[in-house]
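One structure is given here, and the rest of the page talks about it.
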Amino acid sequence: MSNYQSDLLRLLEARGYIHQLTDAAGLDAMAVSQVVPGYIGFDPTAPSLHVGSLVQIMMLRRMQQAGHKPIVLMGGGTGKIGDPSLRDEARSLLTNEKIAENVASIKRVFERFLTFGDGPTDAVMVDNADWLDKLEYIPFLRDIGQHFSVNRMLSFDSVKLRLDREQSLSFLEFNYMILQAYDFLELSRRAACRLQMGGSDQWGNIVNGIELARRVDGTQVFGLTSPLITTADGGKMGKTAKGAVWLNADALSPYDYWQFWRNTQDADVGRFMRLFTDLPLDEIARLEAAQGAEINAAKKLLADAATAMAHGTDAATAAAETARRTFEEGASDANLPTVSLGTDGLTVVQATAGLGFAPSNKEVRRKLAEGAIRVNGQVVTDPAMTLNAGDKVSFGAKKHGMIVA
């Protein structure tokens with residue numbers, strides 16, 4: 001553990017959020033002496049953020065808990081270009097109307113995690129379209145573009161990986177890092193923002209912004225990145241057979257969200273509790289040492305806490321009760337994930353794959369042969385078996401879904 005003096009860096013380090021810092025001593029000293037406004041940017045590429053963004057949302061929450069001011073930057077401007085970081089191809093360009101819809105939808109998530117208002121440590125939400133849309137090209141090139149070295153930009157991982165694979169990188173995307181750096185300069189001027197945080201893939205973009213603020217305004221600002229969060233088996237956090245784990249309830253039910261956390265691998269329970277809940281650190285240390293039935297109880301506690309934070313206590317309680325009734329009593333419930341019977345009917349293979357319980361029909365057939373799939377509590381082995389509305393499909397011990405008309 002480092003010898004940080006500020007509550008901010010102590011909290012971020014203790015809970016596992018720190019990967020790199022541009023000037024640890026400088027930021028530590030500033031966080032001791034004043035309220036530090038800090039931001040993270042979120043591009044509205046979909047109507048909901050997913051669990052992959054949750055570390056960043058929690059970092060803003062930790063800022064507020066430590067007595068500092070979170071700034072949520074919505075990328076209404078940069079979202080029209082798309083961040084090339086760690087991507088194999090360009091994002092599809094969205095219309096202005098779709099971006100506005102996505103921004104409005106995403107905003108609802110942050111109100112669960114942050115307290116917004118006009119106070120010194122209250123969170124604020126801003127949109128970079130407010131300044132990026134108004135830029136004039138020639139003045140921007142003269143005033144800002146002169147501070148960027150193309151040679152250096154080509155060395156950043158977000159660009160280098162695409163070029164090394166001989167994959168196309170458009171001039172549009174190449175501009176993204178300049179605009180992100182300019183965001184930091186604008187927020188420094190508009191909101192006295194002194195810290196930008198982000199995932200480890202954002203390091204180059206953050207450093208660009210720090211250098212731009214120093215060169216143009218002579219302002220000292222700081223950068224902090226979090227580690228890439230992977231599961232104990234090396235998989236990407238938040239990727240499941242059923243798809244992304246969305247944070248909006250209309251994109252993923254609170255029950256499915258609860259189940260995602262309940263299915264955490266044993267080795268990840270303590271780390272995920274530190275990152276994604278407000279449970280006390282000493283309690284987490286005790287829980288992550290648990291074995292057998294106790295580790296399952298710890299996973300339920302993780303699921304309860306994470307779901308309550310994202311969807312409210314009532315939704316978390318309902319999800320936990322649905323799970324208890326389903327697993328312990330074998331009851332069906334309206335909160336279970338569903339798949340529609342449709343006009344042509346469904347076989348057990350189609351239904352199981354449609355519920356997202358297995359990545360392919362081939363995998364479903366393999367599980368059928370193993371006796372791992374049940375319909376209404378009875379083991380099924382015939383892949384051609386057809387199902388009816390109201391049937392309950394169980395895949396192993398933990399996954400259950402309903403067939404609806």
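For reference, positions follow the sequence shown, starting with 1. Please read all numbers here as calculations on a predicted model, not as lab measurements.
Between Arg214 and Thr219, the closest side-chain pair of non-hydrogen atoms is not below 4.5 Å. The side-chain heavy atoms of Gln196 and Ile210, taken from C-beta on, include no pair separated by under 4.5 Å. Here the side chains of Glu186 and Asn128 are not in contact, with every heavy-atom distance at 4.5 Å or above. You'll find the side chain of Val393 stays beyond 4.5 Å of the side chain of Met402, heavy atoms only. Here the side chains of Met309 and Ile57 are not in contact, with every heavy-atom distance at 4.5 Å or above. The shortest side-chain heavy-atom distance between Leu346 and Thr386 does not fall under the 4.5 Å cut-off. Between Leu60 and Met197, some side-chain heavy-atom pair lies under the 4.5 Å cut-off. In this structure, Gln64 and Thr115 have side chains that are in contact, with non-hydrogen atoms separated by less than 4.5 Å.
One distance of note links OH of Tyr255 with CZ of Phe260; it measures 15.0 Å at 0.5 Å rounding. Interatomic distance, CZ of Arg365 versus OG1 of Thr352, reported as 11.0 Å (0.5 Å rounding). Taken to the nearest 0.5 Å, the CG atom of Leu141 stands 10.0 Å off from the CG atom of Leu135. Here the CE atom belonging to Met74 is positioned 4.5 Å from the CD1 atom belonging to Ile106, to the nearest 0.5 angstrom. Here the NE2-OG distance, from His19 to Ser200, works out to 5.0 Å after rounding to the nearest 0.5 Å. Of the inter-residue distances, the one linking Leu27 atom CG with Ser6 atom OG reads 6.5 Å to the nearest 0.5 angstrom.
The ring of Phe110 has its center closer than 6.0 angstrom to the ring center of Phe42. Under the 6.0 Å cut-off for aromatic ring centres, Tyr257 and Trp246 do not qualify, their centroids lying 6.0 Å or more apart.
Residues Val221 and Ser188 approach most closely at CG1-OG, 4.3 Å, considering heavy atoms. Gly235 and Asp233 make their closest contact through N-OD1, 3.0 Å (heavy atoms, listed as atom of the first residue, atom of the second, distance). Of all non-hydrogen atoms in Ile71 and Ala191, the two that sit nearest each other are CD1-CB, 3.9 Å. The shortest heavy-atom contact between Gly75 and Pro44 is O-CD, 3.2 Å. Smallest separation of non-hydrogen atoms from Pro37 and Ala192: CG-O, 3.4 Å. Among all heavy-atom pairs drawn from Ile403 and Ala351, the shortest one is CD1-CB, 3.7 Å.
Panel note: side chain Ser105, backbone Pro47; a donor-acceptor pair is recorded below 3.5 Å. With Asn175 contributing its side chain and Phe171 its backbone, the two residues share a donor-acceptor pair below 3.5 Å. Between the side chain of Arg61 and the backbone N or O of Phe113 there is at least one donor-acceptor pair closer than 3.5 Å. Here the side chain of Thr317 pairs a donor or acceptor atom with the backbone of Thr313 at under 3.5 angstrom. With hydrogens and angles ignored, the 3.5 Å screen pairs a side-chain donor or acceptor of Arg215 with a backbone N or O of His147. Side-chain N or O atoms of Asp7 include none that pairs as donor or acceptor with a backbone N or O of Ala66 at under 3.5 Å. For Gln350 (side chain) and Val348 (main-chain N/O), no donor-acceptor pair under 3.5 Å exists by modelled atom type. Between the side chain of Arg15 and the backbone N or O of Thr277, at least one donor-acceptor pair lies under 3.5 Å. Put simply, the side chain of Asp28 never gets that close to the backbone of Tyr4: no donor and acceptor are under 3.5 Å apart. A side-chain donor-acceptor contact under 3.5 Å links Asp23 to the backbone of Gly26.
Salt bridge Arg271/Glu288: absent, no basic N to carboxylate O contact under 4.0 Å. Salt bridge present: Arg152 and Glu211 bring a charged side-chain N and a carboxylate O closer than 4.0 Å. Ion pair Glu370/Arg366 flagged as a salt bridge, since at least one NZ, NE, NH1 or NH2 atom sits closer than 4.0 Å to an Asp/Glu carboxylate oxygen. One finds a salt bridge joining Arg108 and Asp250 here, because a Lys/Arg side-chain nitrogen approaches an Asp/Glu carboxylate oxygen to under 4.0 Å. Ion pairing between a basic and an acidic side chain is recognised when a charged N comes within 4.0 Å of a carboxylate O; Arg189 and Asp217 show such pairing.
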Item to check | side chain to side chain donor-acceptor pair (under 3.5 Å) assessment of Gln56 paired with Ser226 | outcome: CA-CA 8 Å; Gln56 313 311 321; Ser226 59; 3.2 Å; yes

Item to check | Evaluation steps, side-chain contact (heavy atoms from CB on, under 4.5 Å), between Met153 and Met177 | outcome: CA-CA 8 Å; Met153 291 166 72; Met177 65 179 72; 3.6 Å; yes

Checklist entry - Hey, mind stepping through Phe184 and Leu73 against side-chain contact (heavy atoms from CB on, under 4.5 Å) and telling me if it holds? => result CA-CA 10 Å; Phe184 203 173; Leu73 177 66; over 6 Å; no

Next on the checklist: Run the side-chain contact (heavy atoms from CB on, under 4.5 Å) test on Leu387 and Met385 for me, step by step, so that the C-alpha distance in whole Å, both residues' side-chain angles and the decisive distance to 0.1 Å come before the verdict.
Outcome noted: CA-CA 7 Å; Leu387 303 184; Met385 177 183 176; 4.1 Å; yes

Item to check | Verdict with reasoning, Asp183 to Tyr39, per side-chain contact (heavy atoms from CB on, under 4.5 Å) | outcome: CA-CA 10 Å; Asp183 282 343; Tyr39 92 95; 4.0 Å; yes

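Of the N and O atoms on the side chains of Gln65 and Asp278, at least one donor lies less than 3.5 Å from an acceptor on the other residue. A donor atom on one side chain and an acceptor atom on the other are found under 3.5 Å apart for Glu13 and Ser2. A donor-acceptor contact under 3.5 angstrom links the side chains of Ser394 and His400, judged on distance only. Remark: the Gln180 side chain and the Asn208 side chain contain no N/O donor-acceptor pair separated by less than 3.5 Å. Gln259 and Asp256 are not linked by any side-chain donor-acceptor pair at a separation below 3.5 angstrom, with hydrogens and angles left out of the test. In this model, no donor atom of one side chain and acceptor atom of the other lie less than 3.5 Å apart for Asp304 and Trp261. Side-chain N/O atoms of Thr231 and Asp268 include no donor and acceptor closer than 3.5 Å.
The aromatic rings of Phe276 and Phe272 sit perpendicular to each other, their planes meeting at more than 60°, with 30° as the lower class boundary.
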